[in-house]
Each structure stands twice: as C-alpha cells, then as structure tokens.
Amino acid sequence: MLLYTSTYSLPLPHRWKFLVDQLMAFWSSLVLILASVSVVLAQNVEESYLVINGSLPMTHTDANYICATIDWWPSNKCDYHQCPWGSSSALNLDLSHPFLAKAVQAFRRLRIRVGGSLQDQVLYNVGSHSGPCRPFTKSKGGLFGFSKGCLPMSRWDKLNQFFNKTRALVTFGLNALDGRHQIKRGVWGGDWNSSNARDFIKYTISKGYQIDSWEFGNELSGKGIGAMVYAEQYGSDLIELRGIIDDLYRRFQPKPLLVAPGGFYDRQWFAKLLQTSGSEIVDVMTHHMYNLGPGVDRNLVKKILDPHFLSRASVTFTDLQQTINTDGPWASAWIGESGGAYNSGGLNVSDTFVDSFWYLDQLGMAAKYHTKVYCRQTLIGGNYGLINKTTFIPNPDYYSALLWHRLMGTGVLAVDRKNIAPNLRTYAHCSKGKPGITLLLINLSNRTHFTLSVHNILNMNLHTSQLKTLKKETSFVHGLKTTVSWVGLKSTDENLSREEYHLTPRRENIQSKTMLLNGVPLKLTEDGDIPVFSPVMVKVDSPISIAPLSIKFVQFPNFDAPGCE
C-alpha cells in the first residue's frame, strides 16, 4: 500500500523520492506475484494410473543385485585435463578409513568387483612370479599408456581383511592377457599363460579367502578397448580356467562362479564365445555399458533427462538375452561395469543428484531384462564414484543404491502404464524383507507434476469393451479409481498406510551434491554413520504425487501379490 498521508511533512524532493520508492516496491511485488502465477500455470498436472501384476514375477534378480567396483587406475590417470582418481585403486585405497567400512557395511552384503582396464596387466607376486613387484607407471608403449603393475600378497591380504570385515561378496577380474602377444594393432593372440593366475587362486584358497566369482579379462570382447582377443581363443582359455577352478576348489565349498568376458556386447563375438567354450563352462556373461557417452560431453544432463535416449539401452539388454537363450541358456547376465559416462564420468554431473535419474532408471530397466547383478563403476574413484575419493562422504548415487538395496526385492513385477507420458519412469518389485510391493517412480520432466493411482490386476475383472475406454481419462476412469481397490483382496483396513521415500536435490538444483530424503538432507552422522532412512507415512488409498525432477520409492505393505509370497 502507498502511504500518501505520511509524505506531506517531507520536503517536496524527498516526497517524490519516497513515492517513487513505494511505486518501485509495489511493482517488484507485482512482478514476483505474476512470476509465481506463471510458474504454477507453466506446470502441468497429469492424472494417470498404474496396474501392477503381482500374480507372478516377470523375472528375478540376485539377492545382491547392487554391486560396485574397485578399479586399478593410479592417481596419474587423467582425462580431459583432470585427474579424478587420487588414491582410490585396489593398490592404494585407504582401507582403514572408517567412512569406507561403514558405507559398505550399510548394505550388509555389498557385492564388490575388483577389476578395470588395467587388470589384464596385473601380475600377482606369488608362486613362480619373479622380479620386482612395482605399481603401474606411465609408459608410452604400454596398454592405456601404463606399464604392467604388480599386486603384492601383503596388499591382497589387507584387501581380504577389509572384505571379511565388511562381509562383501567379491568378484575378482583375472589377467587374461598374460602370456599373449600383439599379432596386429589392437589384436592379441597366443594362449593365455594361466600359471600366475593359478598360483594366485591357490594362495587365495590357502588363506581361506572367500571369492564369490572369478572374472576372466576386461573389455577384450568384440573390437576390444585397447586390446581384443578372438572369441575362439577366449573360449579355449575359459575351458582351461574352468578346469583350474574345478581342480583347486574340489575340496572347498562354495565353489566360485566363472564369469566372462567383462566387455562390451558384440552379438557375433558373444555367441561364438558360448559356442566355443560349450555347455556350463561360463556361469555368467558379464557385459559393460556406458550409454551416456564420454564424460566430457556437455550434453550429459540433457541425455540423462531424455526418456527416449535412456530407453535405447533396452536394445542391448534384449539382444544379449537372445544370445544367451540361443547359445548359452545355462548362463545368466550381469552388468559387470557401468558408470553412465566413460573416461572417469562427467565432472559435476556423475557425482550429483541428476545422475540418479540415469542410475536408478537403468537399475530398473536392467532388472526387467533378466539382469541378475548390476555393478556400478565405481565404489570410489573417478567422477562417478558412489563415495567421494577425498572425503569418503557418499555422493547422491550412493543413497539411491542403498535405498534400492533395502526396498526392492528380487521379484520383478510387470507394470501396465495407462496414459502416462514417457518422462515418468515406473518400476515395481516385490518388497524386500516384508510383504507387499515397492514402486519406483522417476519424474524426468521439469514441469509436469504426476498424480497416480495404483491398482492390482487381480481386481481388474473388466469386460473388453470397458478395457478399451481405459485409454482415455473419462468419468469411467474416475469411477474406477474409487470402485477398484488398489491393493486387491487384502484391502480391508482404511487406516493402513504406505511408506514414501521422496528424493529431491538441495535448493532444487539438480546438480547439487546433496540429496534430500523427504526434505531432509542425507548426510553422515557425527560418528560417520549412514543416516537413517525415515519414510513419510501416507494413507494407503490416497493418490501418489510425484513432483517434477524428483524420484520416489513407494512401499505398499499389503498389496495382494501371490507371486511375492
């Protein structure tokens, strides 16, 4: 309000100045009000619904689906004029840091893969190995610009003490290039020299170290990354490794899995590998995926928020499953390494909130396409580490991974989406450790606010003519929302609640390194403990709201899902 009467006692120049100031303040307030109204009007509100089929899971993941890697890169591994690795490799990582142990222990049994680009150049300082045991050094003629490196058994002992302390499930990548020679540029031939690996496995067994799986090679498949080996040779070497594992573990249980090839999917190469190695040699086919492209790409955020771009990954999942079904039905599929963007990830992208849109979406997608295990590059190191390499403080994707691990069970459920835009991603699993189901919602839109109702297919006894009308948001649909119970036969208590875990970025900045859970920042306690994940309790039959550029896990306690029991 303009205070005209209060100005008469002022000199004329001051009076005009006062009135101008009042007008400017009024105009500023009006602009803010109009801006707020425009923001509200700019946001779309879409109402839709999901139908969940809990009668029979589509497929199952491993109980320890979430996996993270520890790489071999030394501190002078650099990309795009930055060196983001520090002391985070298997050779120099500070295993005594309390934050690191607590971060792994929070999963109860986190699967850890030790491997990466330099693993094929690692020699194990045990048995017949002779000569000095030196770390990787820069070398112009070396693969990836580095010399061969060496793993001392004293360091292997310390790694296993850490794994034992944290109850980690370990996959170790063996040196599949040992003994070979380069027959032409980028192509390596000759038989694998298994003696060093055999001595290493023998030592591991003698110390009582539990290895869940031995992986053979890193990115030597197809055209290879830096180096490749023909599939026929690779298959022959796998038969030899299978014999070594069967021989050395004949008196020890459980016997580790044999996984391979730890490389990018190539239809012809993968098929030939399975055909050459033969029945039940390989337990798991591991493949790598970096579908966002190079970490230096300035369009990383745009790609992450593009649902059509994200969906392209489904082609690889589908093709790999067809290859396994045709040529190796005894094997299962794992993502052995995936960091979104390759070459250490994207600075100020891979370690921020926005990366969880890609990460959680691919966890959900991979599970739908029969992937049993998903290994994130990395646990620590590079820009894509779940944990900051310097402070050991978890990045946003760490909390996303832990929430998935705690809430999403092994049973993958079909979700029928009705009138839902592609930028709302939806996944459903049997709940972990409790009855019911858990729904994951990922809203990639920066302006659409979705309101959803969830229904059980067990109660959808509708005529064909009625089903056709479900494609349109009509009065019939509104009636359906009130007459069809979302939970099915067990919905009898109106006081039931569901759990909601709503993830948003700090200050609405999607490139923030702080993630909020139901509005509360996720950060370590004063003792370095992982914070408690406290859900918001919401009346079970109320619509679900998912704000723009946010993520939500929703746990329904008594959804009638016979396939989950």
Side-chain angles (χ1 to χ4, degrees), residues 48-66 307 310-311 313-314 317-318 321 332-333 335 359-374 400-401 403-420 422 424-443 450 452-462 467 470 480-481 484-491 496-501 503 535 538 540-541 543-544 546 551-565:
S48 296
Y49 64 97
L50 304 176
V51 179
I52 310 295
N53 185 352
S55 59
L56 184 67
M58 302 164 56
T59 184
H60 288 85
T61 66
D62 187 87
N64 298 99
Y65 178 64
I66 298 293
L310 295 181
S311 293
S314 64
F317 291 124
T318 300
Q321 193 56 43
S332 57
I335 285 277
Y359 181 39
L360 285 172
D361 182 69
Q362 198 159 106
L363 285 175
M365 187 189 307
K368 281 176 58 177
Y369 287 95
H370 306 275
T371 302
K372 301 297 183 184
V373 170
Y374 190 108
S400 295
L403 272 168
W404 176 290
H405 179 75
R406 290 183 176 178
L407 299 175
M408 306 289 268
T410 62
V412 184
L413 305 177
V415 181
D416 190 5
R417 299 156 50 94
K418 300 295 182 182
N419 302 324
I420 296 181
L424 179 64
R425 317 290 275 186
T426 57
Y427 301 100
H429 281 227
C430 300
S431 292
K432 188 167 188 175
K434 60 175 65 176
I437 70 163
T438 299
L439 184 66
L440 169 60
L441 303 172
I442 304 169
N443 189 353
F450 291 95
L452 303 170
S453 58
V454 179
H455 304 278
N456 193 326
I457 198 171
L458 296 179
N459 282 6
M460 302 289 283
N461 297 319
L462 305 173
L467 286 172
L470 295 182
L480 181 72
K481 292 176 181 177
V484 178
S485 167
W486 64 268
V487 293
L489 303 177
K490 295 184 180 180
S491 179
L496 285 175
S497 296
R498 65 176 185 253
E499 297 179 358
E500 292 194 355
Y501 302 81
L503 302 177
V538 181
V540 77
D541 57 355
I544 299 171
I546 177 71
I551 299 164
K552 184 175 283 190
F553 289 90
V554 186
Q555 203 280 322
F556 297 101
N558 72 331
F559 192 103
D560 189 15
C564 295
E565 295 176 359

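Quick caveat: nothing in here was measured; it's all calculated off a predicted structure.
Going from atom OG of Ser453 over to atom CD1 of Ile544 covers 8.5 Å, rounded to the nearest 0.5 Å. Taken from CD1 in Ile551 to CG in Leu440, the straight-line distance is 7.5 Å, to the nearest 0.5 Å. Distance CG/Leu407 to SG/Cys430: 13.5 Å, rounded to 0.5 Å. Atom-to-atom distance recorded for Leu439:CG and Glu500:CD is 10.0 Å, nearest 0.5 angstrom. To the nearest 0.5 Å, the span separating CD1 on Ile66 from CG on Leu403 amounts to 10.5 Å. Within the model, atoms SG of Cys564 and CG of Leu413 stand 4.5 Å from one another, a figure rounded to the nearest 0.5 Å.
For the residue pair Pro543 and Arg498, the shortest heavy atom distance occurs at O-NH2, 3.1 Å. Across Ala63 and Thr410, no two heavy atoms sit closer than the pair CA-CG2, 3.7 Å. Taking both residues in full, the closest heavy atoms of Ala367 and Val412 are given as O-CG2, 3.8 Å, listed atom of the first, atom of the second, then distance. For the pair Pro422 and Pro307, the tightest heavy-atom approach, listed with the atom from each and the gap, is O-CB, 3.3 Å. The minimum heavy-atom distance linking Ala428 with Val415 is given by the pair CB-CG2, 3.6 Å.
Partners of Ser314 under the side chain to side chain contact (heavy atoms under 4.5 Å, CB included) rule, at least two apart in sequence or in another chain, are Met365, Tyr369. Every residue meeting the ring-ring contact (aromatic ring centres under 6.0 Å, His included) condition with His405, not counting sequence neighbours, appears here in chain and number order: Phe107. Checked against side-chain hydrogen bond (donor to acceptor under 3.5 Å, both in side chains), Asn64 has no partners two or more places apart in sequence or in another chain. Applying the ring-ring contact (aromatic ring centres under 6.0 Å, His included) rule to Tyr359 yields no partners; only residues at least two apart in sequence or on another chain are considered. Under the side-chain hydrogen bond (donor to acceptor under 3.5 Å, both in side chains) criterion, Thr318 pairs with no residue, sequence neighbours left out. Remark: Asn53 engages Ser55 in a side-chain hydrogen bond (donor to acceptor under 3.5 Å, both in side chains) (not counting sequence neighbours). Partners of Ser431 under the side chain to side chain contact (heavy atoms under 4.5 Å, CB included) rule, at least two apart in sequence or in another chain, are Lys434, Thr438, Gln555. Partners of Arg406 according to the side chain to side chain contact (heavy atoms under 4.5 Å, CB included) rule, which considers only residues two or more places apart in sequence or in another chain, are Ala106, Leu402, Phe533. Pro562 meets the side chain to side chain contact (heavy atoms under 4.5 Å, CB included) test with Leu458, Asp560; sequence neighbours excluded. Residues that satisfy the side-chain hydrogen bond (donor to acceptor under 3.5 Å, both in side chains) test with Thr371, not counting sequence neighbours, are absent from this structure. Not counting sequence neighbours, Lys368 has no partner by the salt bridge (charged side-chain N to carboxylate O under 4.0 Å, His left out) test.
Between Arg425 and Leu310 the shortest side-chain heavy-atom distance falls below 4.5 Å. Side-chain contact between Asp416 and Lys418: present, with at least one pair of heavy atoms (C-beta onward) separated by less than 4.5 Å. Residues Trp404 and Lys432 form no side-chain contact, since every pair of their non-hydrogen atoms from C-beta on lies 4.5 Å or further apart. Using a 4.5 Å cut-off on side-chain heavy atoms (C-beta onward), Asn456 and Phe559 make contact. Using a 4.5 Å heavy-atom cutoff, the side chains of Leu441 and Leu452 are in contact. Using a 4.5 Å heavy-atom cutoff, the side chains of Ile442 and Leu424 are not in contact. Side-chain contact between Tyr65 and His429 is absent, with no heavy atoms from C-beta onward closer than 4.5 Å. Ile457 places none of its side-chain heavy atoms less than 4.5 Å from the side chain of Ile52.
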Just do the side chain to side chain donor-acceptor pair (under 3.5 Å) check on Asp361 and Tyr427 with the steps written out, would you? CA-CA 8 Å; Asp361 182 69; Tyr427 301 100; 2.7 Å; yes
Any chance you could lay out the side-chain contact (heavy atoms from CB on, under 4.5 Å) test for Phe553 and Glu499, step after step, and finish with the verdict? CA-CA 8 Å; Phe553 289 90; Glu499 297 179 358; over 6 Å; no
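A donor-acceptor contact shorter than 3.5 Å is absent between the side chain of His60 and the backbone of Gly411.
For the residue pair Ser48 and Arg417, no side-chain donor N or O sits within less than 3.5 Å of a side-chain acceptor on the partner.
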